[in-house]
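Reminder, nothing fancy here: chain letters follow the sequence lines and each chain counts from 1. FYI, side chains are in, hydrogens and waters are out, and symmetry mates aren't considered; it's all heavy atoms of this structure. The shown structure was predicted, so the numbers you read here are calculated from the model rather than taken from an experiment.
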Amino acid sequence: MSKFYITTAIPYVNARPHIGFALEIVLTDAVARYHRLKGDDTWFLTGTDENSLKNVQAAEKEGISTAQLVERNAQYFHDLRDLLNLSFDDFIRTAAEARHFEGVAKLWQAADHNGDLYKKTYRGLYCVGCEQFYTEDELINGLCPEHLTRPDLVEEDNYFFRLSRYGDKLLELIESDQLRIEPRTRKNEVVSFIRRGLEDFSVSRSTRRAKGWGVPVPGDPDQVMYVWFDALGNYITALDYASEGPLYERYWLDNPNRVHVIGKGIIRFHAVYWPAMLLAAGVPLPTTIFVHGYVTVEGEKISKSLGNVIDPRDVVQKYGVDAVRYYLLREIPATEDGDFSTERFIRTYNSYLADQLGNLLNRVVNMVGRYYDGVIPAPRDYTPAEQGLLDLAASLPGRVDVAFERFRPDEAITAIWELVSAANKYVVEVAPWTLAKTRAAGGPDGAAAEARLATSLYSLAEALRLVAHYATPFIPASAEGVCRQLGIELDPSGDWAHITQWGGLAPGARVQPGGVLFPKLEAPKA
RNA sequence: UGCGGGGUAGAGCAGAGGCAGCUCGUCAGGCUCAUAACCUGAAGGUCAUGGGUUCGAAUCCCAUCCCCGCUACCA
């Protein structure tokens, strides 16, 4: 048994969650659930990033307080827990929690004591209407793209972080995989970025410009922290870094697996800024950063102006939570961009869940009912016909483990579904309905047929038990549903070697026909 | 501009010197336990293009054309 700490990025709360964040959090959930299944001491954190000036502006527009606005919007994200059947252990809100304010202040001070924070005049092009800075190339003909006015050249004292000090150290850690960045192409990106030389970056804003919203800089009431210390710090403040409490000890200090799951757009902040900040503060670094791709919708980038933003609530309501989880985990390759298309969604669901798994369960439960009065029989001698199933089952623990080690749930599912497919083939090969007829005829042939029939139905039920357990991280509710119909329960012991061993199903279980687990979806109109 | 990844069947992808594969889709057949599901078989590819190395190249080398990511304070 090992330990495992895993986090998602914390999203801005200025809009409802969309399908892209659903991908990240479902992906993280599947990995966390897998580690729990294996008996690892697992902690899964998510939360919301609330200390942004944009929230202040949005609240003003709506005529409510900023605290009210972020609280309401944070709820949308917390609601994903039920909606997507998530298993996070903790949810941190950066604007609302003392542990966060205190932890971030401590992190700041530690970096400061190390001499890595200093004050410098920041000069930038500031649009009063937007209340934000623009870089030259963001402007259109030198004008603010939003208001088409000429931005002011504003000077302001801010604190800067000495990132420039840490290039060599970061390179060493990343190239040696002490800080592992997956997939490899993302690691290359980061390495080549660092090689080009690192510049210090600004880590505070004037309190006035931030309208007083944010975490105050310790000892300087005129400044609040900018997003870096504040938002990135959540990964340890949520573990009570402020007091270096038991969670911090258990999941950060004394744990070889500290994993951040992030989208490709924020890799630099997590793979460069954040580790450097931790080095400055004398805090251990994360061990792994996994970078996933983005979701496109019907082949198009998600964007508000295109109006193709998908709310996970809508798809879950329409198709069910496990259908959505399955699609995200299997059809979107974790390391690449992947497309969310209704047509493909329905095809995937119908083929893998309804036709292959659901139908297999149905036929097995039905045959046990018909030929053994609903009681799963004990197997007799295994023959070459079963060998394929047994060999495949024996290969799965290793293959699934490798897949998760690489953060590739899609590969794990593909491997698991080979067992579903093999079981469907096996049904046709042994043709239990023919055996049942021979059995009914009696005589020595009938006795032999009885043995074959018992062995085959047991083997099929056992294959389904294994599939259900392997499928738990991906489609937890349906995995339970499979077990319920088999008349057994998911094994919560965490004894993975035992769970995945062929023969774990105790004969004598009474199947519970429970109707269709995955009702087929109407094919999209051609 | 530089760095990185990629272009393989209608779609999505695997293969990294030795008969071009997988899933979905399409077509034909089989089966009747099952959700018209399942099983078997078939059709479908100039492996982006041009050249080279090799007995042999999707695979290695050179060139070209496309696509995508990164190219800093933008979560």
Quick check: [Y] with [X] (ring centres under 6.0 Å apart)?
| X | Y | answer |
| --- | --- | --- |
| F88(A) | F91(A) | yes |
| Y159(A) | Y118(A) | no |
| Y319(A) | F345(A) | yes |
| Y371(A) | W433(A) | no |
| F474(A) | F404(A) | yes |
| F21(A) | F77(A) | yes |

From the list [options], which nucleotide is the closest neighbour of the side chain of [X]?
| X | options | result |
| --- | --- | --- |
| V427(A) | C33(B), G69(B), G25(B) | C33(B) |
| W228(A) | A34(B), G2(B), C73(B) | C73(B) |
| E199(A) | C33(B), A72(B), G4(B) | A72(B) |
| K520(A) | C33(B), C24(B), U35(B) | U35(B) |
| E189(A) | C70(B), C39(B), C74(B) | C70(B) |
| S192(A) | C39(B), C73(B), C3(B) | C3(B) |

Grab the [atom1]-[atom2] distance between [X] and [N] for me, whole Å please.
| X | N | atom1 | atom2 | answer |
| --- | --- | --- | --- | --- |
| Q485(A) | U35(B) | CD | P | 11 Å |
| L457(A) | A34(B) | CG | P | 13 Å |
| W433(A) | C33(B) | CH2 | C1' | 5 Å |
| E343(A) | A11(B) | CD | C1' | 9 Å |
| F518(A) | U35(B) | CZ | P | 15 Å |
| R399(A) | A14(B) | CZ | P | 16 Å |
| R195(A) | A72(B) | CZ | P | 18 Å |
| I266(A) | C70(B) | CD1 | P | 13 Å |

[M] and [N], which share atom name [atom1], separated by this distance in whole Å:
| N | M | atom1 | value |
| --- | --- | --- | --- |
| G18(B) | C60(B) | C1' | 14 Å |
| G21(B) | C38(B) | P | 24 Å |
| C3(B) | A42(B) | P | 47 Å |
| A43(B) | G69(B) | P | 39 Å |
| A14(B) | U54(B) | C1' | 26 Å |
| G15(B) | G6(B) | P | 10 Å |
| C24(B) | G41(B) | P | 14 Å |
| A16(B) | C27(B) | P | 34 Å |

Students often get this wrong, so: under 4.0 angstrom with heavy atoms, is [X] touching a base, only sugar-phosphate, or nothing?
| X | answer |
| --- | --- |
| R186(A) | sugar-phosphate |
| G197(A) | base |
| G265(A) | nothing |
| A354(A) | base |
| Y273(A) | base |
| D355(A) | sugar-phosphate |
| L198(A) | base |
| Y352(A) | sugar-phosphate |
| S351(A) | sugar-phosphate |
| R184(A) | nothing |

Checklist entry - Considering residues, nucleotides and ligands other than K318(A), do more than 12 of their heavy atoms fall under 6.0 Å from its NZ? => result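 It does not: K318(A) NZ has 12 such atoms or fewer within range.
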Next on the checklist: I'd like to know if D177(A) pairs up with K187(A) as an ion pair, taking the criterion as any Lys NZ or Arg NE/NH1/NH2 lying under 4.0 Å from an Asp or Glu carboxylate oxygen.
Outcome noted: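 Yes, this pair counts.
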Is there a side-chain contact between [X] and the phosphate of [N], meaning an N or O under 4.0 Å from OP1 or OP2?
| X | N | value |
| --- | --- | --- |
| R370(A) | A34(B) | yes |
| Q356(A) | A34(B) | no |
| N366(A) | A34(B) | yes |

Item to check | 5' precedence on RNA chain B between R330(A) and T434(A) (nearest-nucleotide basis) | outcome: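 Comparing both residues, the 5'-ward one is R330(A).
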Next on the checklist: Nearest heavy atom decides the nucleotide; on that basis, is R344(A) or Y371(A) closer to the 5' end of RNA chain B?
Outcome noted: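 First, find each residue's nearest nucleotide; the 5'-ward one identifies R344(A).
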Next on the checklist: Run the side chain to side chain donor-acceptor pair (under 3.5 Å) test on T48(A) and E50(A) for me, step by step, so that the C-alpha distance in whole Å, both residues' side-chain angles and the decisive distance to 0.1 Å come before the verdict.
Outcome noted: CA-CA 6 Å; T48(A) 42; E50(A) 305 175 347; 2.8 Å; yes
Next on the checklist: Among W274(A), W228(A), Y235(A), exactly one meets ring pair (Phe, Tyr, Trp, His ring centres under 6.0 Å) together with F269(A). Which residue is that?
Outcome noted: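 Going through W274(A), W228(A), Y235(A) one by one, the ring pair (Phe, Tyr, Trp, His ring centres under 6.0 Å) with F269(A) is satisfied by W228(A) alone.
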Next on the checklist: Let me check I have this right: for RNA chain B, each base becomes ., (, ), [, ] or |, based on Watson-Crick or G-U pairs with both distances under 3.5 Å. What is the full string?
Outcome noted: .(((((((.[[[[.)..(..]]]].(((((.......))))).....[[[[[..)....]]]]])))))).....
Next on the checklist: Is A36(B) syn or anti, taking syn as a glycosidic angle within 90° of 0?
Outcome noted: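 This nucleotide is in anti.
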Checklist entry - A34(B) base to N359(A) side chain: any donor-acceptor pair below 3.5 Å? => result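 It does, because a donor-acceptor pair links the side chain of N359(A) to the base of A34(B) below 3.5 Å.
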Next on the checklist: What verdict does the side chain to side chain donor-acceptor pair (under 3.5 Å) test give for Y226(A) and N158(A), after you've listed the backbone C-alpha separation in whole Å, the side-chain angles of each residue and the deciding distance to 0.1 Å?
Outcome noted: CA-CA 10 Å; Y226(A) 190 49; N158(A) 289 142; over 6 Å; no
